[in-house]
Each structure stands twice: as structure tokens, then as C-alpha cells.
Amino acid sequence: MTAQEDTKISSLMRQIMLKKQIYVNHELEVAHGGLTAHQVMALMYIHRNPGIIQREIVTLTQRRAPTVSVMLKKFEQDHLIVRKVPKGNNRNKEIFLTANGEKVVKEFQKVTAATDALATTNLSTEQKVILINLLSKMNGNLDTNM
């Protein structure tokens, strides 16, 4: 394979991910007034890890602590999360999703699944299996060479 072919593969993968992100962001903006996929990913992490603290979200999102603090304050104002002070630890508030936050997460999962289905609409089951195997090999190549 030539370097040009390698570049084309990487370019197509980036284009697919960018288009998916644009589609998901558009759907979330329509449904939830401006939440980005990145913000919903933070909500997803809280969903999977109830009681998480802000510092862990900083690490996950690779954003600065003040940026995450502003995001969490907005989440609170929009009634997507609640922060609770755990017994015996006044310093780190635990973060939990509200019912509204859970609704946003479910909507994100639904939109993401629809986007994934759209991206693979014209692929046969056999082609999907081949693509999964090829992408898995590519992913493994990066794991073993890092």
C-alpha cells in the first residue's frame, strides 16, 4: 500500500467522524437547545459513574478545571445534574444526573445509534463484518506500536 492510500484511509475516517459529530450536534441542538456532543459525553460519563467528582470530569474531558466548572454550573442551571456533599467530605461534591439529565443521555444514545445505522445503510452484513475486522486490525496496530 502506498502512502497516498494510507492517507486516503485516514482522511475518510476523519470525514466520517466529523460528519457524525456534526449530525449528532445538530440533532442535540434541535432537541436540547445548544448542548454539544462533547457536553453530552460528560453527562454520559456521569450517567455511567454516579457520584463522580469534578476533578475526574476534568481528566475525562481534557479541559481546564474552570471550563469544566462553568459547564457543570450550566448543567445545574438547566436541571441536568445535582451536586451533593458526601458525609464526611465537604471538599468534593458528588455529581449525579437528574431525570432531565437521564433524558438527554437517552436521546444522545438514540441519535448516535441512528447515525451509526445511517453510516452503514448500504453495507451488507458481510461487508460490515469485514469492515469491523479491518478497523479492529488498524486499532490493534496502534495499540502495539505505542
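Along the sequence shown, residues carry numbers from 1. Atom set for the values below is all heavy atoms of this structure, side chains included, hydrogens, waters and symmetry mates excluded. Predicted model, so just to flag it, every value in this text is computed and none were measured.
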Cluster overlap [X] with [Y], hydrophobic side-chain contacts below 4.5 Å:
| X | Y | result |
| --- | --- | --- |
| L123 | L135 | yes |
| V129 | L134 | no |
| I130 | M13 | no |
| L60 | V58 | yes |
| L97 | M41 | yes |

Side chains of [X] and [Y]: closer than 4.5 Å at any heavy-atom pair?
| X | Y | result |
| --- | --- | --- |
| I9 | M138 | yes |
| Q39 | M44 | no |
| T115 | T112 | no |
| Q54 | V68 | yes |
| L43 | L80 | yes |
| I53 | E56 | yes |

task = In sequence, state the C-alpha distance, the side-chain angles, and the governing distance for E76 and R83, and then conclude on salt bridge (charged side-chain N to carboxylate O under 4.0 Å, His left out).
result = CA-CA 8 Å; E76 274 186 306; R83 297 190 221 200; 3.1 Å; yes
How about [atom1] on [X], more than 12 heavy atoms from neighbouring residues, nucleotides or ligands closer than 6.0 Å, or not?
| X | atom1 | result |
| --- | --- | --- |
| Q4 | CD | no |
| K128 | NZ | yes |
| N122 | CG | no |

Just by modelled atom types, is the [Y] backbone N or O under 3.5 Å from a matching donor or acceptor in the [X] side chain?
| X | Y | value |
| --- | --- | --- |
| S136 | I132 | yes |
| Q127 | S124 | yes |
| T67 | R63 | no |
| E5 | T2 | yes |
| S10 | T7 | no |

Mind checking the [atom1]-[atom2] spacing from [X] to [Y]? Nearest 0.5 Å is all I need.
| X | Y | atom1 | atom2 | result |
| --- | --- | --- | --- | --- |
| Y45 | T61 | OH | OG1 | 10.5 Å |
| I16 | L12 | CD1 | CG | 6.0 Å |
| K19 | Q15 | NZ | CD | 5.5 Å |

(message) Using every non-hydrogen atom in the two residues, find where M71 and A42 come nearest and quote the distance to one decimal.
(response)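 For M71 versus A42, the nearest heavy atoms are CE-CB, 3.7 Å.
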| query | Nearest heavy-atom pair of H79 and N100: which atoms, and what distance? | reply |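 Minimum heavy-atom separation between H79 and N100: O-CB, 3.2 Å.
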TODO: Check the pair F96, I81 against side-chain contact (heavy atoms from CB on, under 4.5 Å), reporting the backbone distance first and the verdict last.
DONE: CA-CA 5 Å; F96 299 89; I81 65 165; over 6 Å; no
| message | Whether the T98 and E102 side chains hold a donor-acceptor pair (N or O, under 3.5 Å, no angle test) is what I'd like checked. | response |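 Side chains of T98 and E102: no pair found under 3.5 Å.
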My understanding is that only one of E27, H26, K20 makes a side-chain contact (heavy atoms from CB on, under 4.5 Å) with V111; could you say which?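 It is E27; the other options fail the test.
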